[in-house]
Structures are given as C-alpha cells and as structure tokens.
Protein chains: 2
Amino acid sequence: MTARTSAETARDIPEATVARLPVYLRALTGLSEAGTRTCSSEDLATAAGVNSAKLRKDLSYLGSYGTRGVGYDVEYLRYQIAREIGVTQDWPVVIVGIGNLGHALANFSGFRSRGFRVVALLDADPSRHAEQVAGIDVRPFDDLDAIVREHAVAIGVISTPAHAAQDVADAMVAAGIRSILNFAPTVLAVPEGVDVRKVDLSIELQILAYHESRKALGDQPEPGRQEQEVRS
Amino acid sequence: MTARTSAETARDIPEATVARLPVYLRALTGLSEAGTRTCSSEDLATAAGVNSAKLRKDLSYLGSYGTRGVGYDVEYLRYQIAREIGVTQDWPVVIVGIGNLGHALANFSGFRSRGFRVVALLDADPSRHAEQVAGIDVRPFDDLDAIVREHAVAIGVISTPAHAAQDVADAMVAAGIRSILNFAPTVLAVPEGVDVRKVDLSIELQILAYHESRKALGDQPEPGRQEQEVRS
DNA sequence: TAGATTGTTAATCGATTAACAATC
DNA sequence: TAGATTGTTAATCGATTAACAATC
C-alpha cells in the first residue's frame with residue numbers, strides 16, 4: 001500500500017497543521033529580522049495570529065525544538081520548519097498564462113526568498129513571445145515538456161483564463177508535474193497523486209459577502225467570535 | 001448575547017459549508033450555461049469536485065430545494081444559493097494598492113457577474129493618480145472615507161506591499177469596512193466583528209512543496225488519497 | 001408499482017482547546 | 001528552589017461519510 005520505509009522519520013502531520021507551518025515560518029522570519037533571538041510559544045502565536053495551544057500542538061508533530069521554561073531559538077526553529085516544509089532549497093516553478101495576473105505573479109518578489117524560483121513563463125499566444133516579464137522570456141506553451149525536463153520542474157502555476165486551464169493542467173501532468181497551483185476559476189480534473197490547490201478571488205469575496213450579509217442583519221458583533229478573526 | 005430575532009431564518013451554517021457554497025454556485029452557473037435544466041446531487045457534486053454525500057449534507061442546511069427521485073432544478077437552486085450567500089445584489093468593493101496585482105484584480109472580469117462591483121481604486125502614490133485602470137480612476141488613499149460613505153462600501157481588498165497593509169486595514173476599519181480580503185503577505189490585527197480572509201501565494205506554494213517533498217521520497221501515489229485531490 | 005434520488009441519521013474521523021505534568 | 005514555559009493529555013467540538021428511510 002505505502003512505499004514508506006521505516007527509516008523515514010515522516011511523522012504523520014495533520015493537513016491543518018501543514019497549512020499553518022508556512023505561517024509560522026513567515027512569523028519566525030519576521031521575528032528574526034527584528035533581531036529577536038528567542039521567543040515563547042505565546043510570542044510566536046501572536047505573530048502568527050493563532051493561539052498558543054494550537055501552535056505548541058502543531059510544533060509537537062515536528063519534534064521537540066523548544067526548551068521548557070525558556071522558549072524557542074528563533075533561527076533554529078525557523079530552520080527546522082523550513083526543512084519540514086521542504087524549502088531549504090529552491091523549487092523550480094513554471095507559470096503558464098501571462099496576462100495581468102501572470103504578470104503580477106512573475107513580478108512577485110517573494111518567490112526567491114520563500115523557496116521558489118520561476119524558471120519559465122509560458123503563454124499560448126505567439127504575440128506575447130516577444131515580451132520579457134520580470135527579466136524572463138515568455139516562451140511558447142509547447143516548450144513545457146522540454147522546460148520541465150531541463151529544470152526538473154515539480155510545481156506549475158496556472159494563471160490562464162478558465163477555459164484554457166484544464167488543457168494546461170493536462171499538459172502539466174503529462175510533462176510530469178504533480179503539484180499545481182490554480183488561479184483559474186474552474187475545477188480541475190487530475191489523476192491520483194497530483195495535488196491541486198486553488199486560489200479563487202470570487203470565492204473568497206463571496207465567503208466574505210455571506211458573513212457581511214449576516215452582520216447587516218444584527219448590526220453588531222456575532223457572539224462567540226475570537227479576538228483575531230482571521231480565517232484562511 | 002446575540003441580536004438575532006426569531007423571525008430570521010438564519011440557520012447556523014457550518015463554516016466549511018459556507019466556503020463551498022460559492023463553488024456550488026459556480027458549478028450551477030456552468031450547468032445552466034450548458035443548457036442543463038435539472039441535475040442530481042451526483043451531477044452537481046462532480047461538477048463541483050466534491051462527493052455527493054457532502055453536497056447533499058451542505059444543501060440540507062439551506063433547506064429542501066430538491067425533489068426526491070428527480071434531483072434539483074438548476075435555476076431554482078442557483079437562485080437559492082445566491083440568496084443564501086447574499087449575492088443576488090452587487091456588493092460595492094474598493095481595491096487599495098494598484099501595483100501589478102491591483103491591476104490584475106481591477107481588470108478581473110468576474111467581479112460583476114459574481115456579485116461585486118469595484119467602485120474605487122486607491123493608491124497612496126500620487127504618481128498613480130493620473131492613471132485609469134480598467135476604466136476606473138485611481139484616487140488618493142485619503143479619499144477612502146468619503147468613498148466608503150458615498151457608496152456604502154462593506155468589502156475592502158488590500159493589494160499593497162506587506163509593510164503598508166496594516167495601516168490600510170486600520171483605515172478601512174475606521175471608515176466602517178468590516179470585511180477585508182488581504183493579498184499582502186502579513187497577518188492583520190483587526191477588532192472583533194471584522195472579517196479578514198487572506199490569499200497568500202507563498203503559503204499555497206509551500207503547502208504544495210511540503211507534499212511534493214514527501215512524494216519524491218516514495219515516488220508513487222500516497223495511500224488513501226481521493227480520486228480528485230483538490231484542496232482549498 | 002418500480003426505480004431513482006433526496007434529506008437525514010449516526011458513526012467516524014480530524015481539529016481545537018484548556019489544563020497541567022514535566023522540566024528547564 | 002521558584003518561576004516560566006514547553007510538550008502532551010484528554011475533553012470537546014466540528015466535519016465527513018456511508019447508509020438508508022422517505023418520497024417523488
């Protein structure tokens with residue numbers, strides 16, 4: 001059933017915890033840049049916008065990286081989380097669809113510092129192939145296979161219109177990509193073993209609209225809300 | 001404790017269900033545009049990328065809008081979900097921060113059809129105030145108060161750099177906005193009663209990287225995965 | 001009536017939280 | 001030793017899922 005060997009330390013980290021590790025990593029980077037050497041679970045939880053019990057429970061899945069009575073060494077914990085996520089080295093990424101959003105993504109400066117490297121920008125429209133975006137040539141979509149092979153690309157970003165997204169996903173999967181970040185507002189069908197994460201502006205806004213509608217009714221804070229109401 | 005009156009039908013819809021209603025709404029729009037008049041929970045679930053038991057459970061929180069032995073009337077269910085979410089009318093939205101991402105958001109065509117209307121684009125940089133983006137004037141950030149009042153804006157979108165985001169959020173809250181969609185890679189502190197949703201490219205990529213790392217180890221599909229592995 | 005499909009129940013699973021023993 | 005803070009336990013809460021009675 002599984003290919004895991006007992007030599008792998010791979011504890012089973014809950015999905016909800018996995019989704020928060022990057023938040024902790026960013027908070028630690030912030031603390032580090034502010035010159036903080038040591039922090040308590042309470043400090044880090046505040047910086048990350050969660051409660052400290054949840055933070056400690058999350059960290060406990062990685063191991064025991066704190067010191068009772070003292071707290072966590074910021075640099076050490078940061079490295080351990082980066083290692084756990086797998087961003088101690090850079091992941092090569094391709095972006096397909098260089099419209100407005102693709103431009104914004106290509107110009108996003110956080111890629112490099114957070115474990116990613118954009119190795120190619122692809123677009124099906126030949127009129128874009130003259131362009132350079134963020135210092136990177138825009139290349140024909142048909143080059144996908146060659147690029148994935150050349151750079152061992154494992155992660156693909158789709159920023160095409162919705163109608164093109166499934167074809168792009170199919171081509172990515174055929175080229176060997178098994179992790180896809182989809183900005184196109186459409187449900188992608190992918191084979192087993194391929195991960196798709198979706199970022200969808202309309203859906204986020206509609207979730208806000210739902211809660212906003214209820215607020216308007218009572219026109220005062222809901223009962224039982226937390227201080228820091230960040231959902232993600 | 002709560003301001004709800006018994007006249008309100010407001011059943012308590014679980015947050016996980018709320019987050020899927022927009023997905024169902026979009027799937028129904030797709031079915032409708034394809035000319036489908038009636039669909040089963042199985043059909044709709046497939047279109048939305050979830051399993052049918054979950055779909056039926058979700059819909060049961062809204063009411064009984066299907067017909068046993070027959071299925072759902074696409075238009076009718078679509079309207080009911082739109083009403084539940086609160087997007088039968090348009091919500092006025094402001095976007096603050098008109099860089100690459102702000103441009104992309106302003107040009108996003110799905111706003112109008114999905115229940116939103118961009119009433120203003122704001123930027124602190126005076127050199128941008130000459131510009132028009134997507135046919136809308138870019139205005140000084142200081143106009144926020146007046147614009148929120150004039151258009152009864154309830155939802156704000158932040159697409160500034162991280163260092164500016166908290167100030168923007170504070171100003172939005174002060175102006176009366178109580179729902180914020182934050183694209184800046186930072187945790188926002190907001191008072192009780194204000195909803196923040198976060199969209200974060202690096203975090204999404206890092207979650208993919210985590211799973212990609214594990215795949216590389218075994219180099220074959222994980223056990224116990226679903227057919228359609230869409231996480232959101 | 002027979003077949004199809006919903007809406008609901010109940011079991012299971014996973015996530016959150018408070019409390020506190022362990023320990024620096 | 002006294003104070004501080006972690007890592008873990010156990011209780012609770014919320015979400016998912018399969019199964020099926022209700023009913024078109």
Side-chain angles (χ1 to χ4, degrees), chain A residues 11-21 23-24 28 36-74 76-77 80-81 84 207 222-232, chain B residues 11-21 23-24 28 36-74 76-77 80-81 84 207 222-232:
Chain A
R11 267 157 286 231
D12 213 35
I13 301 185
E15 194 54 36
T17 297
V18 170
R20 283 188 294 265
L21 292 180
V23 180
Y24 302 153
L28 285 164
T36 308
R37 309 293 291 265
T38 294
C39 68
S40 68
S41 62
E42 193 59 45
D43 298 334
L44 182 52
T46 301
V50 302
N51 76 48
S52 64
K54 191 188 279 182
L55 171 81
R56 288 199 301 278
K57 181 79 174 148
D58 284 340
L59 294 184
S60 76
Y61 292 110
L62 312 193
S64 281
Y65 297 132
T67 307
R68 288 168 202 240
V70 178
Y72 302 91
D73 181 282
V74 171
Y76 180 65
L77 183 58
Q80 292 302 336
I81 292 179
E84 191 70 38
I207 295 169
E222 308 270 305
R225 300 232 163 181
Q226 310 131 290
E227 310 88 60
Q228 164 79 353
E229 276 191 283
V230 175
R231 277 186 268 262
S232 72
Chain B
R11 265 156 287 233
D12 213 34
I13 301 184
E15 194 54 36
T17 297
V18 170
R20 284 188 293 266
L21 291 180
V23 180
Y24 302 153
L28 285 164
T36 308
R37 309 292 291 264
T38 294
C39 68
S40 67
S41 62
E42 193 61 44
D43 297 335
L44 181 53
T46 301
V50 301
N51 77 48
S52 64
K54 191 188 280 181
L55 172 80
R56 289 199 300 279
K57 182 78 173 148
D58 284 340
L59 294 185
S60 76
Y61 292 110
L62 312 193
S64 280
Y65 297 133
T67 307
R68 288 168 201 239
V70 177
Y72 301 91
D73 181 284
V74 170
Y76 181 64
L77 183 58
Q80 293 301 336
I81 292 178
E84 191 71 37
I207 295 169
E222 310 269 304
R225 299 236 164 179
Q226 309 129 291
E227 311 89 58
Q228 165 80 355
E229 276 190 283
V230 174
R231 276 186 272 260
S232 73

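Below, read A as the first sequence line, B as the second, and so on, with proteins coming before strands; counting in each chain starts at 1.
Summarising the geometry of A/Gln80 relative to A/Tyr65, their closest heavy-atom pair is OE1-OH, 3.4 Å, with the distance given to 0.1 Å. Minimum heavy-atom separation, B/Val70 to B/Thr38: O-CG2, 4.0 Å.
Listed by chain and number, the residues in a side chain to side chain contact (heavy atoms under 4.5 Å, CB included) with A/Ala45 are A/Val50, A/Ser52, A/Leu55 (sequence neighbours excluded). Partners of B/Arg56 under the salt bridge (Lys or Arg N to Asp or Glu O under 4.0 Å) rule, at least two apart in sequence or in another chain, do not exist in this structure. With sequence neighbours excluded, no residue forms a side-chain hydrogen bond (donor to acceptor under 3.5 Å, both in side chains) with B/Asn51. Taking A/Ser40 as the reference, A/Asp43 meet the side-chain hydrogen bond (donor to acceptor under 3.5 Å, both in side chains) condition, with sequence neighbours excluded.
Looking at residues 39-48 of chain B, you'll see B/Ser40, B/Ser41 sit with a heavy atom under 4.0 Å from some atom of DNA chain C.
The nearest whole Å value for the distance from the CG atom in A/Asp73 to the P atom in D/dT6 is 13 Å. Between the CG atom of A/Asn51 and the P atom of C/dA18 there is a distance of 6 Å, given to the nearest Å. In this structure, B/Gln80 places its CD atom 12 Å from P of C/dG7, rounding to the nearest Å. Going from atom CG of B/Leu55 over to atom C1' of D/dA18 covers 15 Å, rounded to whole Å.
At least one side-chain heavy atom of A/Leu44 sits less than 4.5 Å from a side-chain heavy atom of A/Leu77.
Atoms OG1 and OH, from A/Thr17 and A/Tyr24 in turn, are 7.0 Å apart once rounded to the nearest 0.5 Å.
DNA chain C is contacted by both B/Gly66 and A/Thr67; B/Gly66 maps to the nucleotide lying nearer its 5′ end (nearest heavy atom per residue).
Residue pairs meeting the salt bridge (Lys or Arg N to Asp or Glu O under 4.0 Å) criterion with at least one member in residues 57-71 of chain A, sequence neighbours excluded, are A/Arg20-A/Asp58.
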**Request:** Report the C-alpha separation of B/Leu59 and B/Tyr72 in whole Å, then their side-chain angles, then the decisive distance to 0.1 Å, and conclude whether the side chain to side chain contact (heavy atoms under 4.5 Å, CB included) test is met.
**Result:** CA-CA 11 Å; B/Leu59 294 185; B/Tyr72 301 91; 3.7 Å; yes

**Prompt:** Between A/Glu84 and A/Val18, is a side chain to side chain contact (heavy atoms under 4.5 Å, CB included) present by the stated rule, with each step listed?
**Reply:** CA-CA 9 Å; A/Glu84 191 70 38; A/Val18 170; over 6 Å; no

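Note on A/Tyr72: a side-chain N or O is less than 4.0 Å away from OP1 or OP2 of D/dG7.
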Using a cutoff of under 3.5 Å, can you pull out all pairs of nitrogen or oxygen atoms linking the protein to nucleotides 8-15 of chain C, with atom names and distances?
from, atom 1, to, atom 2, distance (Å)
C/dA15, OP1, A/Ala16, N, 3.4

**Prompt:** In dot-bracket, 5' to 3', how would DNA chain D read with Watson-Crick or G-U wobble pairs under 3.5 Å, [ ] for crossing ones and | for pairs to another strand?
**Reply:** ..||||||||||||||||||||||

